[in-house]
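A short worksheet on the structure shown next.
A, B, ... follow the sequence lines: proteins, then strands. Residue 1 opens every chain. Note that this is a predicted model, so its numbers are computed, not measured.
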Amino acid sequence: MTNEQDIINRIEAAYPDAVCKKKQERRVEACLPPDRLFDFAGRMQSHWNFPHLSAISCVDWINEGEFELVYHFWSYEEKILVSAKIRIPREEARFISITELWQPAKFFERDIHEMFGVVFEGNDDLEKYILTEWEGPPPMRKDFVTRDFANRFYHFKEYEAEWMGPQQNPQAADVQGGSNE
Amino acid sequence: MSEKLTQRTAWNRVLDKLSGRSLWMLHYCTGCGAIELPPTMTGRFDMERFGIHPMVTPRQADILLITGYLSVKTLKRVILTYEQMQSPKWVVGFGSCTINGGMYWNSYATVKSLDQYMPVELYIAGCMPRPEAIISSFNELIDRIGRGEANSWKDYYENYDFYRKNQEHVFGGPINTRTDVKSDKETFRIQSAGK
Amino acid sequence: MSEVLERINRSFDEPEDEHDEVREYTLFIGPNHPGIEGNFALKLSLEGDTIVRAKTDGGYLHRGFEKLMEERLFMQNIAIVCRICVPDPDPNEENYARAVEAIAGIEVPERAKWIRVLVLELSRIASHLFTFGGHAGTIGLYTMPNWSIADRDRILDLFEELTGGRVYHIYNMPGGVRRDFPDGFERRVHEVMDYIESRLPDYDDLFFNNAILRKRAEGIGVLTSDQAIRWGATGPNLRAVGIPADLRRDDTYEVYDKLEFDIPTLTGGDALDRLLVRRKEIEESIRIVRQVVDNIPSGKVWNKQPNPLKWRVPAGDAYVRTESSKGEYAYYMVSDGGQRPYRVHVRGASTTHGVHILENLLVGTRIEDASQVMFSLDACPPEVDR
Amino acid sequence: MSTVSLVLWIIFLPFIAYFLGVLLLGWGKKYTARLQRRYGPYLFQVFFDSIKLLRKRTNISHGWMQDVSVLMLLGGTILTMYFVPFPGFHFFSQYGDFLVVMYLILVPSLGMALGVGETANPNGSIGISRALQMLAGYDIPFALAFIGMAMIHGSTNFYELILRQQELGIAGWGIVTNPFLGIAALFALHGMMGEKPFEVVIAPHEIATGPMTEMGGKYMGMMMITHALQVVVELTIFINLFLGGAENWITYIIKIFALFTIILSVNAVFGRFRVDDAVRFFWKIPLPLAVIGVIFVMI
């Protein structure tokens with residue numbers, strides 16, 4: 001069985017511009033330039049025996065103006081999880097799809113498209129799935145504040161309780177005072 | 001007129017009592033509260049002993065149990081479902097999230113107050129309420145039906161414009177539910193009792 | 001049903017050729033349909049009784065958890081994570097706690113690790129019993145849900161005693177668990193385990209060996225081992241095709257490496273085998289629970305953390321995974337050194353088998369088996385929608 | 001039979017049968033609930049259900065055919081009931097033999113098919129097509145059982161059949177004299193009543209109660225009443241054919257409850273077949289049994 005260091009060596013030999021490190025037990029992180037990702041993913045699957053795509057995560061680094069895409073690959077035999085990180089510009093975000101290598105990526109890419117607005121070229125199914133009734137901006141972007149939206153858009157009930165007393169809620173106090181007298 | 005309507009004959013009193021003994025609940029898991037419905041229906045709590053039975057189609061159901069938060073997408077289906085049910089019909093809001101958003105108060109996807117969109121007969125507070133709470137609330141509903149006081153459903157016919165306005169606000173435009181509520185009101189001569 | 005009734009789709013797909021007109025029609029199953037697990041919908045294109053194309057339609061249970069977590073303190077999030085998967089909430093708490101611990105480098109007391117294993121395994125048994133009820137419901141055997149869900153309540157009672165909550169426990173915290181066993185809890189766990197074990201032969205007679213179940217579930221929704229890997233199946237669905245992959249073993253966490261248990265596998269890959277793998281897992285979980293209760297070390301259960309209102313977690317990221325009853329459950333957490341998580345990505349276990357695999361397996365099955373395929377995969381819509 | 005008592009019977013038989021049907025179904029629910037380890041509903045639950053449904057204020061209709069279909073259901077069932085001998089009432093069975101019953105028993109399902117067609121619900125249509133497929137399954141064994149019994153006794157008249165069976169006591173019952181036919185007919189009865197494993201027509205988890213999907217309010221109330229009557233009629237036909245009829249109401253009630261309990265016990269521990277499996281089952285087991293029974297009679 002190989003250990004984490006072997007995997008790191010292997011990646012660094014094949015991709016000199018990758019930055020790898022061992023995060024913890026059975027976790028390896030590899031930061032790649034975006035244009036190498038597709039090649040990397042293909043090699044992970046066909047040569048290095050990482051058949052399972054666990055997930056694709058997206059992080060919105062708004063201050064740097066970048067989206068970070070994290071691909072998590074798992075090997076059933078090596079029992080090591082490799083997280084490949086790439087960064088793409090935040091404006092007009094586009095990236096190449098890996099659905100031809102991994103079919104489960106269809107869902108993850110569609111989800112990222114919906115929640116962050118990243119377009120994946122080559123994924124033929126980027127229709128709305130979860131937010132079909134939603135017309136606002138992609139909600140997981142950092143510049144969308146759900147609290148403000150909810151306060152503005154939805155109707156909230158006024159909370160009136162007897163134990164709150166007159167100080168808390170002046171409108172309720174008026175009603176109560178009237179009924180007591 | 002209204003006095004005549006509110007006064008029930010002895011015959012109607014008996015029939016009200018009897019029909020309270022049979023409540024069919026729509027089997028629609030709208031939110032996470034649905035996880036407490038199977039225990040309520042099956043072996044341990046067995047709500048069928050009060051005559052409450054799950055039903056699968058809205059046409060036959062009397063109770064629409066909203067088991068928790070409603071995302072906007074679900075709300076649309078719930079309104080369709082509600083309008084397909086045949087009156088008298090009652091909505092029971094289950095869990096804090098139907099009352100005021102609960103723990104999803106700042107979520108962009110869930111509606112916060114169920115009674116803006118359809119008349120609610122009863123709320124069960126809690127997150128999530130226990131099966132005992134469901135059963136006791138249904139018993140309360142049965143009592144109200146027996147007393148002839150469970151009339152919240154008439155509100156939808158009376159204040160249809162108010163509800164429709166709120167619904168359209170959420171969906172961002174007119175929706176077609178294919179149920180003509182106003183002409184139903186005239187066809188079946190539904191009048192509110194107390195107002 | 002509302003979908004079915006209102007959008008009753010008499011709109012046959014646009015005819016390409018005049019004679020082909022009425023060959024295919026579309027049927028909506030869900031979101032309001034008893035044959036669907038939760039609030040979820042299937043859009044099926046049918047030819048006669050056979051499904052030729054299937055699309056899932058999710059998002060009915062979307063609450064935006066990932067967004068909500070970004071707006072709450074690290075401690076506050078413990079209360080909402082468990083709502084992500086309703087039938088099996090504990091892997092969420094487990095994942096969340098472990099992710100924070102990994103980023104902040106928090107040590108967990110030994111006893112707390114054992115208690116976490118206990119909670120996870122009890123939750124797995126409860127979730128499987130729930131699934132058996134659902135699966136039996138799809139073939140119309142209503143006695144089974146009445147039995148198994150009532151038996152599941154005994155486990156919920158244990159949870160209530162230990163954590164105070166029946167369904168949502170809010171029990172795992174970064175740094176340990178919230179409280180220790182009550183008096184005599186070990187004995188009651190043994191009693192419940194004995195009871196559930198004594199019920200398994202009854203389930204066999206009623207359900208697993210039922211002639212109708214065998215007739216209906218055998219050969220339905222067959223997943224080959226090649227497809228399972230390619231489509232990303234995890235958990236019991238992967239073990240039902242003969243691959244002994246289990247994160248409890250492979251990507252071990254807490255104290256699973258100190259416990260003895262087998263990983264049951266079957267080779268058929270059809271609906272029946274997926275069901276039987278779960279039934280065998282219950283036995284293994286009972287074994288684990290007994291080991292935990294017998295061998296649990298004494299000590300404290302929580303390493304005190306700083307004031308939650310001022311608690312800052314150092315910058316970093318972690319990917320943690322748990323074997324839930326549905327499959328691989330993973331959280332990817334990023335912290336930027338603030339009081340709130342910068343980003344939490346939830347990889348629900350059902351995101352692969354609830355959407356992609358389901359769509360593929362439904363093709364070629366008949367309409368009466370659609371819900372059976374769904375229940376045998378044990379798809380959990382709230383995980384997909386989040 | 002005097003005219004007065006005949007008129008009284010005609011008026012009150014539906015009510016008696018309804019009362020009996022409610023009791024039977026209530027007993028069925030209780031019995032199944034106890035097998036499922038729970039308490040179960042009220043004994044008169046079906047009666048409360050019908051009251052509630054008939055008192056619904058709105059009643060959304062899809063067209064006049066839906067109204068007619070419900071009437072056909074109820075009317076057809078009541079008409080069938082008059083031709084089936086009950087203890088103390090066998091007036092019409094002198095004029096119409098059980099070929100008439102065989103014919104009449106199809107009327108309700110046809111009415112249902114017409115009405116459901118009007119509602120234009122795909123689930124309903126699938127349910128109706130399943131109902132007609134099931135008909136092809138259970139009707140032939142049932143018809144063969146009828147024919148076999150007619151050949152044994154040399155008569156197609158229900159009342160004569162009952163008298164001949166009763167002459168010999170239990171040894172004369174159809175199920176004893178020709179067990180092949182009896183068992184085939186028992187299976188067919190099970191399918192006709194739509195109990196599991198032959199519950200494919202309404203199958204809630206598959207097609208959301210099929211034909212009843214669009215039937216709400218008063219339609220459903222009428223269907224509940226019809227269902228209560230149908231249970232009584234179908235069980236009574238079987239009792240008359242194979243269990244020696246009934247001398248009086250006490251033996252009749254004992255027989256009908258015992259027979260229904262047998263069916264319920266099977267119902268509680270089985271799931272439902274797929275529709276093709278169900279039809280195949282009928283052609284594999286009850287049909288050969290019925291054929292053997294008929295051959296046995298001919299020899």
Taking side chain as everything from C-beta outward and backbone as N, CA, C, O, which of these in Pro382(C) sits under 4.5 Å from a heavy atom of chain B? Side chain, backbone, both or neither.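 Interface part for Pro382(C): neither.
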
Measure distances from Phe40(C) to the heavy atoms of chain B and classify the residue's part below 4.5 Å as side chain, backbone, both or neither.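 When you check distances to chain B, no heavy atom of Phe40(C) falls under 4.5 Å.
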
Under the ring pair (Phe, Tyr, Trp, His ring centres under 6.0 Å) rule, what do Tyr104(B) and His62(C) come out as? Steps first, then yes or no, please. CA-CA 11 Å; Tyr104(B) 313 114; His62(C) 182 65; over 10 Å; no

Over all heavy atoms of both residues, which pair between Gly59(C) and Ser71(B) is shortest? Give the atoms and the distance, please. O-OG, 3.9 Å

Which atoms of [X] are under 4.5 Å from chain C, going by heavy atoms: the side chain, the backbone, both sets, or neither?
| X | value |
| --- | --- |
| Glu36(B) | side chain |
| Phe45(B) | side chain |
| Cys127(B) | both |

Neighbourhood of chain B inside [range], taking heavy atoms under 4.5 Å as contact:
| range | result |
| --- | --- |
| residues 138-147 of chain C | Pro145(C), Asn146(C) |
| residues 70-81 of chain C | Glu71(C), Arg72(C), Ala79(C), Ile80(C) |
| residues 150-170 of chain C | Ala150(C), Arg152(C), Asp153(C), Asp157(C), Glu160(C), Arg166(C), Val167(C), Tyr168(C) |

Among Val72(B), Thr30(B), Thr74(B), whose side-chain contact (heavy atoms from CB on, under 4.5 Å) with Tyr60(C) holds?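 With Tyr60(C) as partner, Val72(B), Thr30(B), Thr74(B) yield a single side-chain contact (heavy atoms from CB on, under 4.5 Å), made by Thr74(B).
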
For Thr351(C), check side chain to side chain donor-acceptor pair (under 3.5 Å) against everything at least two apart and list the hits.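 By the side chain to side chain donor-acceptor pair (under 3.5 Å) rule, Thr351(C) matches no residue at all.
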
Do Asp57(C) and Lys73(B) come within less than 4.5 Å of each other through their side chains, counting heavy atoms only? yes

Measuring only between side-chain heavy atoms, which start at C-beta, is Phe65(C) closer than 4.5 Å to Ser107(B)?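 Not in contact.
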
Mind ranking Asn39(C), Val86(C), Leu68(C) by heavy-atom pairs under 4.5 Å with chain B and telling me who comes out on top?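 Most pairs with chain B among the choices: Asn39(C).
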
For the OG1 atom of Thr57(B) and the NE2 atom of His33(C), what is their distance to the nearest 0.5 Å?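 That separation rounds to 10.5 Å.
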
Point-to-point distance, once rounded to the nearest 0.5 Å, from CZ of Arg63(C) to OH of Tyr69(B): 3.0 Å

